[in-house]
Amino acid sequence: MPSNLTLSDVLDVEYPAPPSWSCDGEFLAVTLYEDDGKALFVSDRTGERTWRFSPENGFVTEISWSPTAAELLVATDEGDLFLADPNGQTTSRLIAGPDDREAYTWSNDGSRFAFYRDGRPVVRDVATGSERTYDAPERGPFLAESRMFAWSDGDTHLAYRFVDDETTQVGVINVEADELVWRTRDTMASQNPTWLADGRVVFDQRGEGGRVRRIVAVDPEDGEETILAREIDRERGVVSQGAPEVSPDGTRIALALPLDGWDHIHVVDTETGERTQLTEGTFEDKGVADGTPQWIDDETLVFSSNRNDFGERHIFSVTLSGETEPLVEAAGTNVYPRPSPSGDGLAYLHADAQRSPEIRVDTVDVGDETHRLTQSAVESWPVPLVEPERIEFESAGRCIDGYLLDPRKSNTVADDATDLPAVVCVHGGPMRQMRDGWHPSRSYSLFYTFHQYLAEKGYVGLFVNYRGGIGYGREFRQAIAGVRGADEIEDVARAGEFLKGLDYVDADSVAVWGLSYGGYATLQVLGTHPDVFALGINLAGLADLELYRDWAEETKYPRAASAEVLRMGGEPWEVPDRWAEASPATHMDNYEVPLYNFHGTGDRYVNFEQLDLVVESLTDLGKEFDADYYPDENHVFSKRATWERTLKKVERVLETEL
């Protein structure tokens, strides 16, 4: 029976970013990924009043709510900056392009905002439009963090991140005196500044090649430094992520730390330095890799956890005394919890086996009513969805799990069908995790959506949670340290063998594909396990790890915070065989099956020269391959036309090669 599902149905699915509240708690805003980029979506908490704003030119890149009024800044990739009014559903242009600007951050009194222009810190008055550009160190080349600027309580000082001495630094500007009054001068990477009530600036530091992480508080007046939290692992590297969150009264910080082997909620009293672990158990109190607990009030935090099911996330609250209670137990993934300013509502991102990501709001203590502000498009699909099945298999002495999409559960494939083709899908990161249903992020959600389409066409899909990912404890995340490109690739190969062992799968028709680290795994497994897969499809994968490391430490993140050497077990000159063994380019002479490749030349996460190397190597070796370069496209392609061309080609390749 032919399917009524089309590729347009797949590409019509929209993906919301985490929600944020207006200061009065009346509205929520998200960026919503549509055809070629992001739009602004604003709703009241019930979903009855909604507004979508798509700029005439370009797409939305940033949004930022005013701290004093129900209005927000909206920036576009064309360089325009708007002030948006959700009540009137109007916008006014504050700045026209095409300057290089980013990281818009309001002052506490709502009269000004800070941003970078061409790398320089700038403060602009909202009412008058007057600007002041500061003669201070520049932003630098590395990727942005969650907080690039932070205003002091009285708006007299501005903390910000810049680059100097080949690493990220934090400084404090006296905004009236045009003076840099304090700055870090450290070999560690400093980032994500914020302020405490006592006037100290707090920031995250990472150093010694990913071996040390510190949360530091400094008094800018005298430079006195206090270490509030520390994680050290000199053998396999620290794995905690997520900027610390300051309590509303400015006296405590909260963050998730894996100090007992699992990510749990910790709170530090910034006056006494006392750290308290509020949760414990063999589960992860973190929704996504860089997720952080959020303060409801000075005594209570809200967070996501997989304590109920490793492949799901539910939302809980915990008090400073350690009392934990569930807030959202809807099946599936519930992440990015955001309490309303008054604490009477909770917004979050939800996804499950029947719905792609959508924004929801729950009332607190008022009948547990749930409002869906955005609604998953897959609900209106003309076919029933294929429910994922959790599976497990053994690999290199470890139990690995994943999620299987069996097309026999669809309306288009017979219940007793055999000799079906199959595809292993490998997530990126590697510190990510595929879920029981749709993933909360667009990158992996899009793959899952496409696999629902493939299931209707008769393809078995398997999403493998290989070692190195989140959700299974610190030891699982650190399992590839020193042996990168080996055990996690064995996991991918064993996923292929699992599929080949199913009595309804054609053992000669199993493919592997993935994006980023998933692309790397595809390239690596075809050379190290050449007899497992019949086809490989690589999107933006790494072919040479030393080439990637050199590029990444110049453009992506500073060497002080880079864990590349730890992952490899030493520098390239110390263990050259290890670097070579972990690089797919070394093994390409073993390729026995066709390889198809896709990469954008504007990629900021993996240099597109990796695809150049693939093309050069496979050409010299006389191997069968195909390569598509997309000019100016980014890591997760932005344009609908790019994805349409890519997925059409993938479908055609699967039909002809399997």
J.: Answer yes when E369 and R45 have at least one side-chain N-carboxylate O distance shorter than 4.0 Å, and no when they do not.
T.: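 No, no charged N to carboxylate O under 4.0 Å.
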J.: Return each pair, listed once, that meets ring-ring contact (aromatic ring centres under 6.0 Å, His included) where at least one residue sits in residues 213-245; pairs must be two or more places apart or across chains.
T.: none
J.: Verify, without hydrogens or angle tests, whether S304 (side chain) and N334 (backbone) share a donor-acceptor contact under 3.5 angstrom.
T.: yes
J.: If you compare all heavy atoms of E329 against all heavy atoms of P326, which two are closest, and at what distance to 0.1 Å?
T.: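 For E329 and P326, the tightest heavy-atom pair comes out as CD-CB, 3.5 Å.
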J.: Residues two or more places apart in sequence or in another chain: which of them pass salt bridge (Lys or Arg N to Asp or Glu O under 4.0 Å) with E564?
T.: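 In terms of salt bridge (Lys or Arg N to Asp or Glu O under 4.0 Å), with neighbours along the sequence ignored, E564 is linked to R484, R567.
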J.: Under 4.0 Å between a Lys/Arg side-chain N and an Asp/Glu carboxylate O for R360 and D362?
T.: no
J.: For Q433 and N306, test the side chains for any donor-to-acceptor distance below 3.5 angstrom and give the result as yes or no.
T.: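 There is no such pair (donor and acceptor under 3.5 Å, judged by atom type) between the side chains of Q433 and N306.
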J.: Does R442 have any salt bridge (Lys or Arg N to Asp or Glu O under 4.0 Å) partners at least two apart in sequence or in another chain, and if so, which?
T.: none
J.: Is the ring pair Y448/W438 parallel, tilted or perpendicular, if the boundaries are 30 and 60 degrees?
T.: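 The arrangement is perpendicular - the two ring planes meet at more than 60°.
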J.: Is a donor on one side and an acceptor on the other found under 3.5 Å between the side chain of Y403 and the backbone of N465?
T.: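 Checked: no pair found.
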J.: Is E475 atom CD crowded by more than 12 heavy atoms from other residues, nucleotides or ligands, each under 6.0 Å away?
T.: yes
J.: Among all residues two or more places apart in sequence or in another chain, which pass the salt bridge (Lys or Arg N to Asp or Glu O under 4.0 Å) test with R474?
T.: none
J.: Could you pull out all residues at least two apart from T276 that satisfy side-chain hydrogen bond (donor to acceptor under 3.5 Å, both in side chains)?
T.: none
J.: Has W106 got a side-chain atom pairing as donor or acceptor with W65's backbone, closer than 3.5 angstrom?
T.: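 The answer is yes, because a donor-acceptor pair under 3.5 Å joins these two groups.
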J.: Could you go through the side chain to side chain donor-acceptor pair (under 3.5 Å) check for Y15 and T449 one step at a time?
T.: CA-CA 11 Å; Y15 301 96; T449 307; 3.0 Å; yes
J.: I need the full list of salt bridge (charged side-chain N to carboxylate O under 4.0 Å, His left out) pairs touching residues 245-259, with sequence neighbours left out, sorted by first then second residue.
T.: R147-E245
J.: In terms of heavy-atom contacts, does CD of E274 have more than 12 from other residues, nucleotides or ligands at under 6.0 Å?
T.: no
J.: Consider only side-chain N and O atoms of S146 and N192, and report whether a donor and an acceptor are under 3.5 Å apart.
T.: yes
J.: Quick check on the 6.0 Å ring-centre criterion: do H439 and F463 meet it?
T.: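 Ring centroids of H439 and F463 are no less than 6.0 Å from each other.
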J.: Does atom CZ of F393 have more than 12 heavy-atom neighbours from other groups under 6.0 Å away?
T.: yes
J.: Run the ring-ring contact (aromatic ring centres under 6.0 Å, His included) test against F476 and tell me which residues pass, sequence neighbours left out.
T.: Y472
J.: For Y557, what residues pass the ring-ring contact (aromatic ring centres under 6.0 Å, His included) criterion, not counting sequence neighbours?
T.: none
J.: Can you check whether A150's main-chain N or O pairs, donor with acceptor, with W195's side chain at less than 3.5 Å?
T.: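 Answer holds: yes.
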J.: Does a side-chain heavy-atom distance below 4.5 Å link D186 with Q205?
T.: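 Yes, side chains in contact.
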J.: Say whether S342 and D344, considering side chains only, have a donor N or O and an acceptor N or O under 3.5 Å apart.
T.: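 Judged by distance alone, the side chains do pair up.
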J.: Can you tell which of R477, K286, E284 makes a side-chain contact (heavy atoms from CB on, under 4.5 Å) with P258?
T.: R477
J.: Do the charged groups of R494 and D491 touch, with an N to O distance under 4.0 Å?
T.: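 Looking at D491 together with R494, the answer is no, because their closest N to O distance does not fall below 4.0 Å.
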J.: List in chain and number order the residues that pass salt bridge (Lys or Arg N to Asp or Glu O under 4.0 Å) with E62, two or more places apart in sequence or in another chain; answer none if no residue qualifies.
T.: none
J.: Have T167 and Q169 got a donor and an acceptor in their side chains that come within less than 3.5 Å?
T.: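 On atom types as modelled, these side chains do not qualify, holding no pair under 3.5 Å.
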J.: Who pairs with Y348 by ring-ring contact (aromatic ring centres under 6.0 Å, His included), at least two apart in sequence or on another chain?
T.: none
J.: Would one find more than 12 heavy atoms of other residues, nucleotides or ligands at under 6.0 Å from atom CD of E225?
T.: yes
J.: If the condition is side-chain hydrogen bond (donor to acceptor under 3.5 Å, both in side chains), which residues does E389 pass it with, not counting sequence neighbours?
T.: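 E389 satisfies side-chain hydrogen bond (donor to acceptor under 3.5 Å, both in side chains) with no other residue.
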J.: Does E221 have more than 12 heavy atoms from other residues, nucleotides or ligands lying within 6.0 Å of its CD?
T.: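 Count not over threshold, so no.
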J.: Hey, does the Lys NZ or Arg CZ of R432 hover above the aromatic six-ring of Y444, less than 6.0 Å from the centre and inside 45° of the axis?
T.: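 Output no; distance or angle outside limits.
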J.: For the CD atom on E224, are there more than 12 heavy atoms of other groups (residues, nucleotides or ligands in this structure) within a distance under 6.0 Å?
T.: no
J.: With T31, which residues qualify under side-chain hydrogen bond (donor to acceptor under 3.5 Å, both in side chains), at least two apart?
T.: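 If we apply the side-chain hydrogen bond (donor to acceptor under 3.5 Å, both in side chains) test to T31, skipping adjacent residues, there are no hits.
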